[in-house]
Number of protein chains: 2
Amino acid sequence: MPKVLVVDDDANIRELVRLYLEDEGIEVVQKGNGAEALEYTENQPPDLVVLDIMMPGMDGWALCARLRELGDMPVLMITAKGEPADRIKGFKLGTDDYLVKPFDPMELALRVKALLKRYRIAYSQTVRLGDLRLDRKSYHVVNKDGLELTLPMKEFELLYKLGSYPGQLFTRNHLIAEIWGIDYEGDERTVDVHIKRLRERFAGHDSDFRIVTLRGLGYRLEVYRD
Amino acid sequence: MPKVLVVDDDANIRELVRLYLEDEGIEVVQKGNGAEALEYTENQPPDLVVLDIMMPGMDGWALCARLRELGDMPVLMITAKGEPADRIKGFKLGTDDYLVKPFDPMELALRVKALLKRYRIAYSQTVRLGDLRLDRKSYHVVNKDGLELTLPMKEFELLYKLGSYPGQLFTRNHLIAEIWGIDYEGDERTVDVHIKRLRERFAGHDSDFRIVTLRGLGYRLEVYRD
DNA sequence: GGTTATGTTCATATTGAGTTCATACAGTTG
DNA sequence: CAACTGTATGAACTCAATATGAACATAACC
């Protein structure tokens, strides 16, 4: 899950951006000023920065350069200035893309995704399991013939998680922490039940994968074909 | 109906682009080389140009500049080169957006639409749902037989939004942000009520679509026929 | 002003995803 | 091959999320 740092003094805009990016399965961290953004980036550099160039008492261009020194990540600029001169200056400094206010948040999301893709930052909305495709946008499982299957949320998340790292072992705790949240208080056996349901759901489809139990350890998904 | 000129030496790519743009209600004119593109533009300048920068025996950048002299329309560049230097050059010449080959034609269509919107080029916003057509200009829903149905604004916006991205999941938050505005303070359940009204409104018409609930997630519109 | 159309809120009914539980089964170990 | 431990499974149960009907509020219209 890629992490995007959004730097803007306007909390409304930050929230707007967060909403749209999170819908795309992108983690969003918000900072309201350059100092906080720099401090955060020093410790935990994000994968990409969305930066409003016009913030009070701050040189956005300098901030951009400093951020890139720290993390060397792509930066998408937001600017209210539409003058070509400014845009060019931004690009010279190494901005990777820009948007002019007021912008369509959907377009922002599209551009962020395009940047992540261009910079090959691990990010995929979809997971492929043989002929199956898990689409996180629609929570659909689609097979090659276009047959669709809608899974309940937990089942989908579980299969998606397992399928994201085929062959890798996941302990119940790990799965619970990822899907149910770190503060889940319920029974570990719940995972078993969802695994069971996934298994029987894909039993007839002479599957492209199977979920293997590692006794005493957890589960692992194995893909047959590719 | 906006008109877009597509300039590329590869007829396959031109066709691909045409297909996707026409689906969006955009008229497409194709030219295979710069000379033809210039000649056409002199007489009937299009609203926007999609231009492949890498064509044999031709300086794409010069062509871009010449086209803009003639019509001063936005230009979307397609390029196989990903180097920053080239991108900057493109932007200096006044390119408004660009895509790197190989590109997702859907994304191209999205960007073209965004550009048209940004440049306030009249663009009838319609969405097709099977035999239904949602016309955002009149807030009318028209079926194949020409029967019209005027929806209340919120219902229309909701159906329009869902129908713009069929199959895609929309959270309530997302829908509220888009339709009611980011600072809407009201109840999330309001969305449910409008969904319900849409459902019963189109219940009898053995519909072209249906709105599916994804429990815990949101809603999704599914189209049956096309 | 009266009337209708639209939008929102609220109370209640309904659903089904998620969880728990009891039991059966399977793998492991001495 | 017991005895034990971990997992599978079917079914019951729970409860939050959604659907729904209706009241209410507000804007548009005549």
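Below, all heavy atoms of this structure are taken into account, side chains as well, without hydrogens, waters or symmetry copies. Letters go in sequence order (proteins before strands), and every chain restarts at 1. The model shown is predicted, which means the values in this text are computed figures rather than measured ones.
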- What is the distance, rounded to the nearest whole Å, between atom CG of B/Leu158 and atom C1' of C/dT8? 14 Å
- Task: Consider only side-chain N and O atoms of B/Arg220 and A/His140, and report whether a donor and an acceptor are under 3.5 Å apart.
- Result: yes
- Query: Tell me: CG of B/Leu214 to C1' of C/dT15, nearest whole Å?
  - Reply: 15 Å
- Task: Could you tell me the separation between the CG atom of A/Leu217 and the P atom of C/dG27, rounded to a whole number of Å?
- Result: 15 Å
- Task: Identify which one of B/Lys161, B/Arg172, B/Gln168 satisfies the side-chain hydrogen bond (donor to acceptor under 3.5 Å, both in side chains) criterion when paired with B/Tyr219.
- Result: B/Arg172
- Item | For atom CD1 of B/Ile195 and atom C1' of C/dT8, their distance in whole Å | 15 Å
- Close approaches to DNA chain C from residues 165-187 of chain A, in residue order (heavy atom, under 4.0 Å): A/Trp180, A/Tyr184, A/Gly186, A/Asp187
- Ring centers of A/Tyr139, A/Phe156 separated by less than 6.0 Å: yes
- Side chain of B/Arg199, backbone of B/Ile211: donor and acceptor closer than 3.5 Å? yes
- Task: Report yes if a side-chain nitrogen or oxygen of A/Tyr219 is closer than 4.0 Å to either non-bridging phosphate oxygen (OP1 or OP2) of D/dA8; otherwise report no.
- Result: yes
- Rounded distance (Å) that lies between atom P of D/dT18 and atom CD of B/Glu188: 8 Å
- Counting distance only, does the side-chain N/O of A/Asp8 pair as donor-acceptor with the main-chain N or O of A/Ile13 below 3.5 Å? no
- For C/dA17, does either OP1 or OP2 sit under 4.0 Å from a side-chain N or O belonging to A/His194? no
- Examine the base of C/dT15 for any acceptor or donor lying under 3.5 Å from a partner atom in the side chain of B/Arg215, and report the outcome as yes or no. yes
- Message: With heavy-atom distances below 4.5 Å as the criterion, would you say the side chains of A/Val127 and A/Arg133 are in contact?
- Response: no
- Just how far, in rounded Å, is C1' of C/dA5 from CG of B/Leu151? 13 Å
- Closest non-hydrogen atom pair, B/Asp47 against B/Met73: O-CB, 3.5 Å
- Given the options A/Glu24, A/Glu22, A/Glu157, A/Arg136 meets salt bridge (Lys or Arg N to Asp or Glu O under 4.0 Å) only with A/Glu157
Show each protein N/O and nucleotides 9-11 of chain D N/O combination with a separation under 3.5 Å, one pair to a line.
residue: D/dG10; atom: N7; partner: A/Lys196; partner atom: NZ; Å: 3.3

- Contacts of A/Met153 and B/Thr190 projected onto DNA chain C by closest heavy atom; the upstream (5') one is B/Thr190
- Identify whether any heavy atom of A/Thr213 sits under 4.0 Å from a base atom; if not, whether one sits that close to sugar-phosphate; answer base, sugar-phosphate or nothing. sugar-phosphate
- Length of the NZ-C1' vector between B/Lys154 and D/dT26, whole Å: 13 Å
- Task: Identify the residue among B/Asn12, B/Leu108, B/Ile26, B/Val4 that makes a side-chain contact (heavy atoms from CB on, under 4.5 Å) with B/Val17.
- Result: B/Leu108
